Undergrad: 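Structure below; questions to follow.
For clarity, every value in this text was computed on a predicted model and none was experimentally measured. Quick note: residue numbers are just sequence positions, from 1.
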Amino acid sequence: MYKLYSMQRSGNSYKVRLALALLNTPYEAIEVDILRGESRTPEFLAKNPSGQVPLLEVEEGRYLAESNAILWYVAGGTPLAPESEIERAEALQWMFFEQHALEPNIGAAYFWLSLVKGGRDLQTHALEDWMERGYAALQVMENHLKIARFFAADQLTVADIALYGYTHVADRCDFDLDTFPAIRAWLRRVEQSPGFIAMDWRPEAEIEATAGVAAGA
């Protein structure tokens, strides 16, 4: 069974938990609070020298870091991974976009404005840039979703999960999604997927395993 080191309120960690839930894949959840320095201990750094979560132990002593790399790994051979070569490349295209255009701006704003006490005052110099670049990323997504239901293969894939992680909390860090109707409709489509879990869902609170994407629901 996988061991997933993650932080409940981290969008990057949530992406992995969401994928595992959609696939109905069992795992052991280990909470790591990066705000308390728990990812900077010698024990954790021995597992992941970058000191970041999420981190997936795929087998004893073998660890995989970086949220989108983990998504790609756990989705292999499942409906969340497109079958054709071009559709796989398109999914990766949007996952790269998420990491260079969305996460550094909306993700950073969410971290500092929603999670860090006094973060707004500490990051006043960066907020304007985050907002400008974050809105630009949202507009790229909106333009795509005006003509497509999902981001690759015309179905829910790891690309959607990667982008959902921080887009769905954009309104918690000053971004207004009212002018992005296609994004709002896409968020609802993701949330209606069999096996979907919210960010605040915890594995220990689940009583019965639900049928997820992998089960063909």
Side-chain angles (χ1 to χ4, degrees), residues 2-23 25 27 29-30 32 34 39 44 47-59 62-111 115 130 133-134 136-138 140-141 144-145 148 150-153 155-170 183 186-187 189-191 193 195-199 212-214:
Y2 295 140
K3 288 184 180 179
L4 176 64
Y5 297 82
S6 74
M7 179 176 167
Q8 193 72 33
R9 295 174 293 167
S10 156
N12 281 327
S13 292
Y14 171 51
K15 290 187 292 189
V16 178
R17 296 198 308 274
L18 177 55
L20 292 172
L22 290 168
L23 293 169
T25 300
Y27 65 96
I30 301 170
V32 178
I34 63 175
S39 66
F44 188 84
K47 299 179 176 68
N48 184 12
S50 70
Q52 297 176 337
V53 292
L55 181 70
L56 186 71
E57 185 172 14
V58 298
E59 57 186 57
R62 187 163 190 174
Y63 301 92
L64 185 61
E66 299 297 333
S67 60
N68 287 355
I70 298 173
L71 287 182
W72 198 250
Y73 175 78
V74 300
T78 79
L80 291 180
E83 293 185 6
S84 77
E85 186 174 353
I86 183 59
E87 288 173 342
R88 287 197 299 270
E90 288 170 347
L92 284 170
Q93 166 190 300
W94 284 107
M95 295 171 82
F96 295 147
F97 170 86
E98 187 268 341
Q99 284 292 285
H100 76 70
L102 192 77
E103 195 272 350
N105 298 297
I106 296 179
Y110 168 72
F111 179 82
L115 302 186
W130 289 340
R133 295 170 184 169
L138 290 171
V140 172
M141 295 169 61
H144 175 80
L145 290 168
F150 296 101
F151 282 94
Q155 66 181 55
L156 181 74
T157 70
V158 284
D160 299 283
I161 296 172
L163 288 160
Y164 181 87
Y166 282 109
T167 304
H168 91 287
V169 292
I183 287 179
W186 164 76
L187 290 173
R189 283 194 291 275
V190 174
E191 290 157 5
S193 301
F196 175 85
I197 58 167
M199 179 184 274
V213 172

Undergrad: How far apart are the C-alpha atoms of L55 and V32, what are their side-chain angles, what is the distance that settles it, and do they pass the side-chain contact (heavy atoms from CB on, under 4.5 Å) test?
TA: CA-CA 10 Å; L55 181 70; V32 178; over 6 Å; no
Undergrad: Less than 4.5 Å apart, any side-chain heavy atom of Y164 and any of E191?
TA: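 Yes. Closest side-chain heavy atoms under 4.5 Å.
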Undergrad: Does K47 have more than 12 heavy atoms from other residues, nucleotides or ligands lying within 6.0 Å of its NZ?
TA: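 Count over threshold, so yes.
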Undergrad: Measure the spacing between CE of M199 and NZ of K15 and express it to the nearest 0.5 Å.
TA: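 One finds 10.5 Å between CE of M199 and NZ of K15.
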Undergrad: For F111 and I34, what are the C-alpha separation, side-chain angles and deciding distance, and is it a side-chain contact (heavy atoms from CB on, under 4.5 Å)?
TA: CA-CA 11 Å; F111 179 82; I34 63 175; 3.8 Å; yes
Undergrad: Look up atom CG in L22 and atom OG1 in T157, then write down how far apart they are to the nearest 0.5 Å.
TA: 11.0 Å
Undergrad: Sort out for me which residue in L20, L64, V158 forms a side chain to side chain contact (heavy atoms under 4.5 Å, CB included) with I70.
TA: L64
Undergrad: Measuring only between side-chain heavy atoms, which start at C-beta, is T25 closer than 4.5 Å to V74?
TA: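 The answer is no, as the side chains (C-beta and beyond) never meet within the 4.5 Å cut-off.
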Undergrad: Count the heavy atoms of every other residue, nucleotide or ligand shown that sit under 6.0 Å from CZ of R88, and state whether that count exceeds 12.
TA: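 Yes, CZ of R88 has more than 12 neighbouring heavy atoms, counting only those of other groups under 6.0 Å.
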Undergrad: On the 0 to 90° scale, with breaks at 30° and 60°, tag the H144-W94 ring pair as parallel, tilted or perpendicular.
TA: tilted
Undergrad: Looking at CD of Q52 and OG of S10, how far apart are the two atoms once the value is rounded to the nearest 0.5 Å?
TA: 9.5 Å
Undergrad: Only counting residues at least two apart or in another chain, list the ones meeting salt bridge (Lys or Arg N to Asp or Glu O under 4.0 Å) with E103.
TA: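 Listed in chain order: nothing, the list is empty.
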Undergrad: Within the supplied structure, the quantity of interest is the number of heavy atoms (other residues, nucleotides, ligands) at a distance under 6.0 Å from E85 CD; does it exceed 12?
TA: no
Undergrad: Can you check whether Q8's main-chain N or O pairs, donor with acceptor, with S13's side chain at less than 3.5 Å?
TA: no
Undergrad: So how far is it from L138 CG to I183 CD1, rounded to the nearest 0.5 Å?
TA: 4.5 Å
Undergrad: I'd like to check F97 versus F151 (side-chain heavy atoms, cut-off strictly below 4.5 Å). Are they in contact?
TA: no
Undergrad: When you measure from the side chain of S193 to the backbone of F196, do you find a donor-acceptor pair of N or O atoms at a distance under 3.5 Å?
TA: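 No: the side chain of S193 does not pair with the backbone of F196.
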Undergrad: Are the side chain of N48 and the backbone N or O of F44 linked by a donor-acceptor pair below 3.5 Å?
TA: no
Undergrad: Anything under 30° is parallel, anything over 60° is perpendicular, the rest tilted; go ahead and classify Y14 against H168.
TA: tilted
Undergrad: Kindly give the heavy-atom pair with the smallest separation between V16 and P54, and that separation in Å.
TA: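 The pair with the smallest heavy-atom distance is CG2-CG, 3.8 Å.
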Undergrad: Does a side-chain heavy-atom distance below 4.5 Å link E98 with N12?
TA: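 Side-chain contact under 4.5 Å: yes.
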Undergrad: Is there a side-chain contact between T167 and L187, using heavy atoms and a 4.5 Å cut-off?
TA: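 Touching, per the 4.5 Å side-chain cut-off.
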Undergrad: Among Y166, Y110, W130, exactly one meets side chain to side chain contact (heavy atoms under 4.5 Å, CB included) together with N105. Which residue is that?
TA: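 The option that passes is W130.
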Undergrad: Side chains of R189 and D160, heavy atoms from C-beta outward: is any pair under 4.5 Å?
TA: no
Undergrad: Tell me whether the count of non-hydrogen atoms from other residues, nucleotides or ligands lying under 6.0 Å of CD in Q99 goes above 12.
TA: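 More than 12 heavy atoms, drawn from other residues, nucleotides or ligands, come within 6.0 Å of this atom.
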Undergrad: Any heavy-atom pair between the side chains of R17 and S6 that's under 4.5 Å?
TA: yes
Undergrad: I need the R133 CZ to I106 CD1 distance, nearest 0.5 Å.
TA: 13.0 Å
